[in-house]
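Heads up: the structure comes next, in structure tokens.
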Amino acid sequence: MTADGLEIRQSSASVWGSATELRNLKVVSKLIDTTTCIGCKACEVACQEWNDLHIVPTTQTGTYQTMPSLDANYWNLIKFREVEESGFFAWLLRKDGCMHCADPGCLKACPAPGAIVQYQNGIVDVNPEACIGCKMCETGCPFDIPRYSAKTDKMAKCTLCVDRVQVGLEPACVKACPTGCLEFGDKAELVAVAKARVEQLKQNGFTQAALYDPPGVGGTTVITVLAHGDHPEWYGLPKDPQVPVAVSLWKNVARPLAALAIAGSFFAMVAHYLSFGPKTPKEGAEKPKGDKPA
Amino acid sequence: MRSIPVADQRSGSGMGDAAMARARSTEDVVVGDEIVRERLSARVVHWIVALTFFVCLFTGLPIWTPYLGFLAHLFGGLHVCRILHPWAGVAFAVASVFMFVQWVSQMKLTKADREFITPKGMLRYFQYRNEDADVGKYNGGQKLLFWAAALGTVGLLITGLVIWFPLEFPQWVREASYLLHDAAFSLFFAMIIGHIYLGTAAEPGTFRSMIRGTVTKSWARLHHPRWYREVTGEKAGG
Ligand code: HEM
Ligand code: SF4
């Protein structure tokens, strides 16, 4: 169920949106500061509770991580990673979940009209009623976020608590975070906060600290401060995420070309019929005995 | 016993139609002024292939583009299409195997066929300048369609299975499959448009070979002269 009343910027498999651009709507953002995350998982619990998600059994993988990867019933997962490289050791925690891309590959790949929508405020939401369970979004997403549930035959992922945001509340995870590692607000303001934070980290010796707001997907609504900004892969983040080239090629190039081939075949047929007509025996040709014209 | 008048054999009226009766199990025989071209089993298989092909097409097109979303209503919505499409694809592939087996022995491309399917040969064919062509039961273009359909079906089946169960395959295989499935179906569709046109409007008298199973002698002599000679025993030019 999508949030009624929010203006839609783009909608999957749709040539329309409800964007009127009448209102001056701010683009929201969630800031994740990986350097102040203590791995308490209050956000995971808050997410489960607010969204009334089914309990998913935890899996012990030998780390502090709740389970190996996101689930259709688990949209927010603190990823725990140990990095050891030439004498250097780091313990990295990052909250994994939908990044709410400005250019969402999931939405682009989705063939069901309105199953994935992006509101004017930047939130990428899913509409299970329209979802046909084809899993194409899983191929479209560069962050490996959407999860298919065989039980419901639907895709599910973080909605950035759009139902809370819509009524002026912050997402449940942000509300629960005890360290201030998560912040919610206007994107422009939070980018400024994040940049100041990066500067602070640099002064404290993390010279490669950076803000992760990847331009390959038009920037993301969820922005992340990384102490080791030169190595996003240490946190399980792609270095330069893009909507997969094949997905863009498929929707933007292959589809029009295919339409052209099909239409061309129709037109060739009509043109041929108008120019040559049906093929019949030549006038005056001797007919086989006892045969009537075809 | 009542002898069947020649006129009745053609019209197919009543229960006694000698040509159709022969066409149940025989091919390439002359009955009156008709020639049996496709036996019943061949026609049934062809129509199962055609039916399943169009179910695939019309359930696939609304998933392919929202502009053709209205087609989903024929089946009860996009959710139904999504369930129906892969199963129709399996049925289409299975039916195509039968079609392949029944026709493959007659579809070997001869030297004349290879000339027929060159751009020059095809132009001659489409401009009706090929009366002298030494065309057997199937012309080069028909054989080409047969092989292209076989290849296309294999391609659609393999990529279709990947798209059906994408999570079992690596990312690049999925990406390639979405692209190739689209490319294959659109070329297939374009080809079938041509096929239907040639089998109906462009060459009157052809469609009945897939309905009654028979064609007229004059049709055979016009479109498949060598086959006509082989079946009737008439000499070239006679
Ligand atoms: C409504 C759709 C279709 C119509 C009206 C149609 C019509 C015909 C006709 C009249 C023939 C006999 C040609 C002859 O006797 O020389 C034929 C043959 C054949 N059809 Fe179709 N067909 C249709 C769909 C399909 C589809 C979907 C396929 C393949 C997937 C297909 C594959 C073939 C093949 C391989 C042959 C034998 C070779 C040839 O004659 O080209 N047909 N069809
Ligand atoms: S992170 Fe993945 S699921 Fe979230 S908006 Fe981007 S592409 Fe879609």
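The chains referred to below are lettered A, B, ... by the order of the sequence lines, with proteins before strands, and numbering in each begins at 1.
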Minimum heavy-atom distance [X]-[Y], with the two atoms named:
X: A/Lys279; Y: B/Leu222; answer: O-CD2, 3.8 Å
X: B/Ile193; Y: A/Ile262; answer: CD1-O, 3.9 Å
X: B/Pro66; Y: A/Ser14; answer: CG-N, 4.3 Å
X: A/Ser265; Y: B/Gly194; answer: OG-N, 4.2 Å
X: B/Trp64; Y: A/Ala258; answer: CZ2-CB, 3.5 Å

Classify the ring geometry of B/Tyr178 against A/Trp250: parallel below 30°, tilted from 30° to 60°, perpendicular beyond 60°.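 Aromatic pair B/Tyr178/A/Trp250 classed parallel.
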Gap between atom [atom2] of [Y] and atom [atom1] of [X] - 0.5 Å precision:
X: A/Phe276; Y: B/Tyr128; atom1: CZ; atom2: OH; result: 7.5 Å
X: A/His272; Y: B/Gln127; atom1: NE2; atom2: CD; result: 8.0 Å
X: B/Asp182; Y: A/Lys251; atom1: CG; atom2: NZ; result: 8.0 Å

Quick one: of A/Cys134, A/Ser12, A/Cys131, who has the most non-hydrogen atom pairs under 4.5 Å with chain B?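 Counting heavy-atom pairs under 4.5 Å, the top option is A/Cys134.
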Which atom pairs, one a donor and one an acceptor, fall under 3.5 Å between side chains of residues 159-171 of chain B and the rest of the protein, sequence neighbours left out?
from: B/Thr159; atom 1: OG1; to: B/Gly155; atom 2: O; distance (Å): 2.7
from: B/Thr159; atom 1: OG1; to: B/Leu156; atom 2: O; distance (Å): 3.3
from: B/Thr159; atom 1: OG1; to: B/His181; atom 2: ND1; distance (Å): 2.9
from: B/Gln171; atom 1: NE2; to: A/Thr139; atom 2: O; distance (Å): 2.9
from: B/Gln171; atom 1: NE2; to: B/Glu175; atom 2: OE2; distance (Å): 2.7

Under the side-chain contact (heavy atoms from CB on, under 4.5 Å) criterion, do A/Glu138 and B/Arg174 qualify, and how do the steps go? CA-CA 10 Å; A/Glu138 298 212 21; B/Arg174 296 186 220 168; 4.1 Å; yes
Taking every non-hydrogen pair under 4.5 Å, which of B/Leu198, B/Leu187, B/Leu179 racks up the most with chain A?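 So the answer, after comparing B/Leu198, B/Leu187, B/Leu179, is B/Leu179.
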Using non-hydrogen atoms and a 4.5 Å limit, figure out which bit of A/Ala130 sits close to chain B: side chain, backbone, both or neither.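 Backbone only.
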Within residues 95-112 of chain A, which residues come under 4.5 Å of chain B, heavy atom to heavy atom?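 A/Pro111, A/Ala112, listed by number.
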Taking non-hydrogen atoms and a cut-off under 4.5 angstrom, which of residues 237-246 of chain A neighbour chain B?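 Listed by number, the contacting residues are A/Pro244, A/Ala246.
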Is it the case that atom CD1 in A/Ile55 sees more than 12 heavy atoms from other parts of the structure closer than 6.0 Å?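 Result for CD1/A/Ile55: open.
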For A/Arg147, is the CZ atom crowded, meaning more than 12 foreign heavy atoms sit under 6.0 Å from it?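 More than 12 within 6.0 Å, yes.
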Counting only N and O atoms by type, is there a donor-acceptor contact under 3.5 Å from the side chain of B/His79 to the main-chain atoms of A/Glu129?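 It does hold such a pair.
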Distance-only, no hydrogens or angles: does the B/Arg82 side chain make a donor-acceptor pair with backbone N or O of A/Gly133 under 3.5 Å?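 Flag set: sc B/Arg82 to bb A/Gly133 pair under 3.5 Å.
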Pick one of side chain, backbone, both or neither for B/Ala201, based on which atoms fall under 4.5 Å of a heavy atom in chain A.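 Both the backbone and the side chain of B/Ala201 come within 4.5 Å of chain A.
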With A/Asp163 via salt bridge (Lys or Arg N to Asp or Glu O under 4.0 Å) - residues at least two apart: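 Not a single residue meets the salt bridge (Lys or Arg N to Asp or Glu O under 4.0 Å) criterion with A/Asp163.
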For a side-chain contact (heavy atoms from CB on, under 4.5 Å) check, start with the C-alpha distance between A/Tyr273 and B/Tyr197, then their side-chain angles and the critical distance, and finish with the verdict. CA-CA 9 Å; A/Tyr273 195 74; B/Tyr197 169 61; 3.3 Å; yes
